[in-house]
Amino acid sequence: MERFYNAPGKLSADISFVETANPSHVLAEIKGDKIEGTGSKVDYGMEYGRISAAYEKTGKELEKEIRKVKK
């Protein structure tokens, strides 16, 4: 059985893009549910490594979505 601390971190995030001059005007919303931070060069031995890997994966997924919209 895999030990808990060796398991990848999971992150759920709600990301909103708003207009700078009018923050109540939401331009886009993206929801990520239980994104696993795997395949990172970060050390999973410590809790911060697992969490940072999940944030890294979330950023990469966000980049993919932005690139799709820009095409």
Side-chain angles (χ1 to χ4, degrees):
M1 184 172 153
E2 182 177 43
R3 291 182 162 194
F4 174 73
Y5 61 83
N6 286 335
K10 294 181 183 174
L11 176 71
S12 294
D14 295 330
I15 301 170
S16 298
F17 292 91
V18 298
E19 186 178 330
T20 304
N22 182 8
S24 63
H25 182 224
V26 178
L27 303 172
E29 290 182 324
I30 299 171
K31 295 183 184 279
D33 188 34
K34 296 180 184 172
I35 298 170
E36 285 192 12
T38 58
S40 175
K41 296 177 184 174
V42 177
D43 177 24
Y44 287 122
M46 300 296 287
E47 188 65 27
Y48 63 85
R50 297 173 348 102
I51 294 168
S52 65
Y55 273 100
E56 179 182 346
K57 177 69 174 183
T58 301
K60 288 179 180 180
E61 293 297 319
L62 178 59
E63 177 189 17
K64 285 181 192 176
E65 293 302 316
I66 290 172
R67 287 183 186 272
K68 284 181 193 177
V69 173
K70 284 180 63 176
K71 287 186 177 183

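- When every heavy atom of Asn22 is checked against every heavy atom of Ser24, the shortest pair comes out as OD1-OG, 2.7 Å.
- The list of salt bridge (charged side-chain N to carboxylate O under 4.0 Å, His left out) pairs with a residue in residues 21-31, not counting sequence neighbours, reads Asp14-Lys31.
- Atoms CD1 and OG1, on Ile30 and Thr58 in that order, are 11.0 Å from each other to the nearest 0.5 Å.
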Determine, stepwise, if the pair Glu65 / Lys68 fulfils salt bridge (charged side-chain N to carboxylate O under 4.0 Å, His left out).
CA-CA 5 Å; Glu65 293 302 316; Lys68 284 181 193 177; 3.3 Å; yes

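- For Glu61, the salt bridge (charged side-chain N to carboxylate O under 4.0 Å, His left out) partners two or more places apart in sequence, or in a different chain, are Lys57, Lys64.
- Listed by chain and number, the hydrophobic cluster partners of Val26 are Val18, where partners are ILVMFWY side chains within reach of under 4.5 Å, directly or through others.
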